[in-house]
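The structure appears below as structure tokens.
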2 protein chains.
Amino acid sequence: MKRVKMSDVAKKTGVSLSTVSQYMNGRYEYMSSETKEKIKNVAEELNYIPNSIARSLATAKTKTIGVIVSNITGYFTSSVVRGVEDYCKKNDYSIIIYNTDHDSELEKKSINILKMLRVDGILIVPSGKNNELINKEKNSGMPIVQMYMEYDDLDISTVISNYRKSAYDATEYLINLGHKNIAIITQEYENTRSRHDRILGYKDALVNNGLPFNRDLIHIWDISSDMNVLFEEIVKNKNLPTAIFVMHSAITINLLKHFKLKNINIPEDFSIIGFDEIPNADLMKTPVTVVKQSTYEIGQKSAELILDKINNKDKVKSKKIIIPCELKIRESCKEI
Amino acid sequence: MKRVKMSDVAKKTGVSLSTVSQYMNGRYEYMSSETKEKIKNVAEELNYIPNSIARSLATAKTKTIGVIVSNITGYFTSSVVRGVEDYCKKNDYSIIIYNTDHDSELEKKSINILKMLRVDGILIVPSGKNNELINKEKNSGMPIVQMYMEYDDLDISTVISNYRKSAYDATEYLINLGHKNIAIITQEYENTRSRHDRILGYKDALVNNGLPFNRDLIHIWDISSDMNVLFEEIVKNKNLPTAIFVMHSAITINLLKHFKLKNINIPEDFSIIGFDEIPNADLMKTPVTVVKQSTYEIGQKSAELILDKINNKDKVKSKKIIIPCELKIRESCKEI
DNA sequence: ATGAAAGCGCTAACAT
DNA sequence: ATGTTAGCGCTTTCAT
């Protein structure tokens, strides 16, 4: 099963290699319609399939972009990636995916492999642990865009949601419902602007509505946190919160499970807003209100931005594209 | 920002190109430890990164496999893909993803692009509409494995769940609960063995338990179906079903939404079993019992199989790997 | 309107 | 133990 190559169709057509190459690249300007027709037929007959690898070696372009995410499993990331793939496909780019689980070494390694593979650009959800390296890559000329993350020490283009505004709106929604003590559960947010902005939005809303900003209403969660312990902290506040605004969907789900276990009722006992959509929220005992990011659109815009960078050789400096969120009001917040 | 290439490190080290090449490929057998050391240092100093494209052109291998799925969005497919990626990464392969939405043309096009990209193998969830083409590709030497699908007219290796057995178990679970009239909702299953097997398992369980198999308890759903209409059909059966076994998670979710809308209660009014895990099922009003496929493992095994084919040049004929499912009993089935 | 030839960065057979 | 050299299958410049 020998692969047929360009020289085969050239020979059979009776023209030169370069003429066939011109044809394959759609440069018909100086080509007689006869040779054009002949090449077309021979190529079809021989079932010729161009070799992208050889082309890439010659052109130093691969029409391929690398996508580094923490974990493609799940609703959020997978639909971002789908947005990326759709946009890329439309523009004849393919995507190569790497999961890192936000592991620093894996992230480094992924970047390295993508460089060996000579991808034309990289889309990344950075862990925050290799920001220096990523800056370096960008400065050495690799087109690179980050998705739904923003770090103070990472100076690359980014596509994010309007975190501050949407956190503001969610908080104000709670305030309008009569809530005064609104607890927050968030991951560590120093240095991670995409998280910090949500806290700022929350603060803005309080202040603009004449409410005090109370630092001990802010609770930090991490992967090793025990929800039992964390929740104890929340309720031991002298001003018992009536509402909880949770900044990450994994935490929201954790909290909801905890509530179920402890027979805590939503919204009777607490009002809840989550950040990020929860799959099948509509089928829950109490459908939970969330701030929903436009995941698919984030993917599309990220792809658009990286292709722009690739093809316009980055006249633009670091750019920030901001996508609005939607407050999906369901049944987890009550008026008090 | 000139890229540094092998000849650069060769020159700087003072050895020949091929020695460096040997080094880069870990063939140290005939190499003095001094040159080895020297090359190592120079390569590091120069920050040399091998060019996979050039290597691929020379070796006719890309260390890359194509993954064609219907839609990476969602729990099921995304965790299969994660299994694939993890296994591939461990073996120094990268994956290129294409979504087709089971569109025949897109599927054809994806296969074609992956061939141009010279992937070493293809993992595919076939739509069923290009089986002839896929057979042809396989016969012309492309290593290719299908995931969690099986068609009567597609003769390629496959990694699937034990559909017949797990449908049997689920049905028998219902029977043991006292159910006699068990309705099925399935997609069209003629020719799609992975679907047909579930019906057979259902049938086996009925027969083995002395229950009649009643053809009008089997209902066909497709993407254009109206759940209202479909459900009317189900309940107009002279022997009103007390349980419904739904063969696809998208349908299960649809049905659950319908129930919520119509205030139909689970399991009081109907007992329900779904096929495929439903994200956040535990948080539902009534957590739904499902047959859970081992998605991650399916991905891993598929990757393992395709890499075997690639590296052992397929001594093996078409092979079928069968992964067990788990019946996740929750609260959607009652005893009657 | 078409062809000749150099080059893309590497591998691998062969020579030494 | 290391070097020489001929490809791998294309693109692209320059000639004609």
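What you see is a predicted model, and the numbers here were worked out from it, not measured in a lab. Scope of the values below: all heavy atoms of this structure, side chains included, with no hydrogens, waters or symmetry mates. Every chain is numbered from 1 and lettered A, B, ... according to where its sequence line falls, protein lines coming before strand lines.
- The distance from atom CD of Gln22(A) to atom P of dA4(C) is 14 Å, rounded to the nearest whole Å.
- Picking from dG3(D), dT11(D), dC10(C) the nucleotide with the shortest atom distance to the side chain of Asn51(B) gives dC10(C).
- The separation between Met31(A) atom CE and dG3(C) atom P is 10 Å, rounded to whole Å.
- In the set dG9(D), dG3(D), dG9(C), dG9(C) carries the atom at the smallest distance from any side-chain atom of Ala54(B).
- The OH atom of Tyr48(B) sits 10 Å away from the P atom of dG9(C) (whole-angstrom rounding).
- Put simply, the side chain of Ser32(B) gets close to the backbone of Thr35(B): a donor and an acceptor are under 3.5 Å apart.
- Tyr28(A) has no side-chain polar atom (N or O) that falls below the 4.0 Å cut-off from OP1 or OP2 of dT2(C).
- Rounded to an integer number of Å, the gap from CZ of Arg3(B) to C1' of dC8(C) is 14 Å.
- Within the 4.0 Å cut-off from OP1 or OP2 of dT11(C), at least one side-chain nitrogen or oxygen of Asn25(B) is found.
- Within the 4.0 Å cut-off from OP1 or OP2 of dT2(D), at least one side-chain nitrogen or oxygen of Ser32(B) is found.
- To the nearest angstrom, P of dT13(D) lies 16 Å from CG of Leu17(A).
- Nearest nucleotide to the side chain of Ala58(A), out of dG3(D), dC10(C), dG9(D): dG9(D).
- Ring to ring, Tyr93(A) and Tyr87(A) are not that close: their centroids are 6.0 angstrom or more apart.
- Between the side chains of Asp153(B) and Asn131(B), at least one donor N or O lies within less than 3.5 Å of an accepting N or O.
- Applying the 3.5 Å distance criterion, the base of dT11(C) shares no donor-acceptor pair with the side chain of Ser18(B).
- Relative to the side chain of Leu57(A), the nucleotides dG9(C), dT11(C), dT12(D) differ in distance, and dG9(C) lies closest.
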Residues Ser94(B), Tyr98(A); criterion side chain to side chain donor-acceptor pair (under 3.5 Å); working and verdict: CA-CA 8 Å; Ser94(B) 298; Tyr98(A) 270 85; 2.6 Å; yes

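- For dA12(C), the OP1/OP2 oxygens have a side-chain nitrogen or oxygen of Arg27(B) closer than 4.0 Å.
- In this structure, Tyr23(B) places its OH atom 18 Å from P of dA12(C), rounding to the nearest Å.
- Computed from coordinates, the Lys5(B) NZ to dC10(C) P distance equals 8 Å when rounded to whole Å.
- Distance NZ (Lys61(B)) to C1' (dA12(C)): 13 Å, rounded to an integer number of Å.
- Residue Ser16(B) has a polar side-chain atom (N or O) positioned under 4.0 Å from OP1 or OP2 of dG3(D).
- Ring geometry, Tyr23(B) versus Tyr28(B): the interplanar angle falls from 30° to 60°, so the pair is classed tilted.
- No side-chain donor-acceptor contact under 3.5 Å links Glu150(A) and Thr158(A).
- In this structure, a donor-acceptor pair under 3.5 Å is absent between the side chains of Ser21(A) and Ser18(A).
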Steps toward side chain to side chain donor-acceptor pair (under 3.5 Å) verdict (Ser52(B), Lys63(B)): CA-CA 9 Å; Ser52(B) 305; Lys63(B) 289 277 199 173; over 6 Å; no

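- Here Thr35(A) reaches the OP1 or OP2 of dT2(C): one of its side-chain N or O atoms lies under 4.0 Å away.
- Rounded to 10 degrees, the angle between the two end axes of the helix from dA1(C)-dT16(D) to dT16(C)-dA1(D) is 40°, with five pairs used at each end.
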